[in-house]
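Scope of the values below: all heavy atoms of this structure, side chains included, with no hydrogens, waters or symmetry mates. Numbering of residues begins at 1 and proceeds along the displayed sequence.
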Amino acid sequence: MSERASPHKIIVTGATSIIGHFLLPRLLDAGYEVHAISRTAGKNPATISQELTWHQADISHPEQLPGINAHALIHLAPLWLLPMLLPVLDRFQTRRVIGFGSTSLFSKANSADPGERILAARFSGAEEAINRLCSTSEINWTVFRPTLVYDGVRDKNVRRISGFIRRYGFFPLLGKASGLRQPVHADDLAAACLMALEKPATFNKAYNLSGGETLAYRQMVERIFSSLGKPVHFLILPTWMFRGAIRAMTLLPGKRGMTPEMAMRMNADLCFSHADATRDFGFSPRPFLPCPEDLRKQGLTGC
């Protein structure tokens, strides 16, 4: 039997992720001893502390998980890797787990793209496995399902749009692009981890975590134009032309993950209430601010 887990130790898997960038400093400020795990040797330079230890491990191989008697694990890596880790955590007396899924569980379940349907099924299967295994091991779990995650610097959502605007000076839209969005800042997700960590009301539940503002896809892109200090220029394309353009782009390096369904969702509402999270642990996300906080305070554009 392992020694009793320390209430001051926390493991963070996927620690170099966009959420990890904000979470590690928050955990350190809260007085935790943090064990950050990453598949690569890269470290977050903003988190230099004697209370932070980096471990290089590929958690798709659970036996590589370091033997740390931690009170909790915050899992920022793909959710479907978490069930494999739970038996190892049980041996080390870890009794609290927070993991991140996605509202793609719902929005891509009936997608015309087989890859997106598989992704939704993986999220669903992971949640079911976490519930089952944690119940057996008496581990208190919480799963967060964020909407469109951004920080304006490292994300693949806002940065992809802003990169296109910087390069070409316009942005293509499919029709009215009226589908509603709720972008959620990665730092608000990091804060949610701290708020929910020791809250019994959050145990053994899943929460949708959306942003503090609901706006149409077109409005979201207009906000990005503004943050870059550039005039708004849209190119409105019909469906057939947009589909063709996406298919052509998938032939370019780094663009193979793009699908026509991504464009079609410009006119689909992807809204999910975070009322349960507000009720249970006070989740209060910020409105959509595509420019990073530090640059905005300096009055700089082009972020």
Given the options F171, F225, Y168, Y217, F234 meets ring-ring contact (aromatic ring centres under 6.0 Å, His included) only with F225
Can you name the nearest heavy-atom pair linking L23 to C193, along with the distance? CD1-CB, 3.9 Å
Passes salt bridge (charged side-chain N to carboxylate O under 4.0 Å, His left out), D276 versus R279? Steps please. CA-CA 5 Å; D276 289 346; R279 178 198 65 217; 3.2 Å; yes
In terms of hydrophobic clusters joined by side-chain contacts under 4.5 Å, are F106 and I130 together? yes
Using the rule side-chain hydrogen bond (donor to acceptor under 3.5 Å, both in side chains), only one of H274, R181, R145 pairs with S210; which is it? H274
Using the ring centroid of each side chain, check whether H185 and Y150 are separated by less than 6.0 Å. yes
Whether H75 side chain and P78 backbone form a donor-acceptor pair below 3.5 Å: yes
With the threshold set at 4.0 Å, does a side-chain nitrogen-carboxylate oxygen contact exist between D187 and R286? yes
Is the backbone of P290 close enough, under 3.5 Å, to the side chain of R223 for a donor and an acceptor to pair up by distance? no
Testing the basics here: between A70 and T94, what is the closest heavy-atom pair and its distance to 0.1 Å? O-OG1, 2.8 Å
In terms of heavy-atom contacts, A216 and A177 come closest through CB-O, 4.1 Å
Hey, does L148 have a side-chain heavy atom less than 4.5 Å from the side chain of V184? no
Could you give the distance from CD1 (I11) to OH (Y32), rounded to the nearest 0.5 Å? 14.0 Å
Whether over 12 other heavy atoms sit under 6.0 Å from E63 CD: yes
The test is side-chain contact (heavy atoms from CB on, under 4.5 Å); show your working for M195 and F283 and say whether it passes. CA-CA 8 Å; M195 290 187 286; F283 183 62; 4.2 Å; yes
Hey, what's the ring geometry for Y207 with F144, parallel, tilted or perpendicular (30° and 60° as the breaks)? tilted
Specify the closest pair of heavy atoms between D155 and G152, including all atoms of both residues, with the distance to one decimal. OD2-N, 2.8 Å
Is there a chain of hydrophobic side chains (I, L, V, M, F, W, Y, each step under 4.5 Å between heavy atoms) that links F203 to V143? no
Check step by step if salt bridge (charged side-chain N to carboxylate O under 4.0 Å, His left out) holds for D280 and K205. CA-CA 10 Å; D280 287 354; K205 293 180 182 178; 3.3 Å; yes
Check whether any side-chain heavy atom of I98 sits under 4.5 Å from a side-chain heavy atom of W141, and report yes or no. no
Same cluster for L180 and L215 if Ile/Leu/Val/Met/Phe/Trp/Tyr side chains link at under 4.5 Å? no
Salt bridge or not for K9 and E51, using N-O below 4.0 Å? no
Please check if L194 and I19 belong to a single hydrophobic cluster, counting links between Ile, Leu, Val, Met, Phe, Trp and Tyr side chain heavy atoms closer than 4.5 Å. yes
Taking it one step at a time, do N140 and V97 satisfy side-chain contact (heavy atoms from CB on, under 4.5 Å)? CA-CA 6 Å; N140 292 313; V97 169; over 6 Å; no
Quickly, which of T147, T214, D269 forms a side-chain hydrogen bond (donor to acceptor under 3.5 Å, both in side chains) with Q182? Name it, please. T214
Looking at CD of Q56 and CD1 of I37, how far apart are the two atoms once the value is rounded to the nearest 0.5 Å? 11.5 Å
Residues G101 and L79: closest non-hydrogen pair is CA-CD2, 3.9 Å
What residues form a side-chain contact (heavy atoms from CB on, under 4.5 Å) with N267, not counting sequence neighbours? L174, K176, S178
Rounded distance (nearest 0.5 Å) linking atom CG of L52 with atom CG of L28: 5.5 Å
CE/M220 to CD/E213 distance, rounded to the nearest 0.5 angstrom? 11.5 Å
Indicate yes or no: does R95 engage D90 in a salt bridge with an N to O separation below 4.0 Å. yes
Spatial distance of atom CG (L89) from atom CD1 (I139) [nearest 0.5 Å]: 6.0 Å
Determine whether the aromatic ring centres of H71 and H8 lie less than 6.0 Å apart. no
Check whether any side-chain N or O of S227 sits under 3.5 Å from a backbone N or O of I224 as a donor-acceptor pair, and report yes or no. yes
Check: S162 and R159 side chains under 4.5 Å, non-hydrogen atoms: yes
On a heavy-atom basis, which atom in P25 and which in G20 lie closest, and how many Å separate them? CD-O, 4.3 Å
Are any of the side-chain heavy atoms of L73 and I10 separated by less than 4.5 Å? no
Beyond-backbone contact of T13 with L76, side-chain heavy atoms, under 4.5 angstrom: no
Keeping R96 on the side-chain end and L197 on the backbone end, is there a donor-acceptor pair under 3.5 Å? yes
Are S273 and N208 close enough, and set up right, to give a side-chain contact (heavy atoms from CB on, under 4.5 Å), and what steps lead you there? CA-CA 7 Å; S273 172; N208 299 329; over 6 Å; no
Using the rule that Ile, Leu, Val, Met, Phe, Trp and Tyr join whenever any side-chain heavy atoms are under 4.5 Å apart, tell me whether L237 and I161 fall into a single cluster. yes
With side chains defined as the heavy atoms from C-beta onward, is the minimum distance between I68 and H55 less than 4.5 Å? yes
Given side chains that start at C-beta, do those of I165 and L228 come closer than 4.5 Å, heavy atoms only? yes
Using distance alone, with no hydrogens and no angle criterion, decide if D113 and S111 have a side-chain donor and acceptor under 3.5 Å apart. no
I want to know whether W80 and F123 have ring centres closer than 6.0 Å. yes
Heavy-atom check, side chain of D188 versus side chain of F22, under 4.5 Å: no
Step by step, would you call V149 with L189 a side-chain contact (heavy atoms from CB on, under 4.5 Å)? CA-CA 9 Å; V149 182; L189 300 176; 3.8 Å; yes
Would you please indicate yes or no on a ring centroid separation below 6.0 angstrom for F164 and F170? yes
Pair R132-E128, salt bridge (charged side-chain N to carboxylate O under 4.0 Å, His left out): steps then yes or no: CA-CA 6 Å; R132 182 179 68 254; E128 291 174 2; 5.9 Å; no
Check the pair S17 / R154 against side-chain hydrogen bond (donor to acceptor under 3.5 Å, both in side chains), numbers first and verdict last. CA-CA 9 Å; S17 66; R154 287 158 291 273; over 6 Å; no
Do S60 and R39 have side-chain atoms, one donor and one acceptor, less than 3.5 Å apart? no
Output for pair (L119 CG, S124 OG), nearest 0.5 Å, gives 11.5 Å
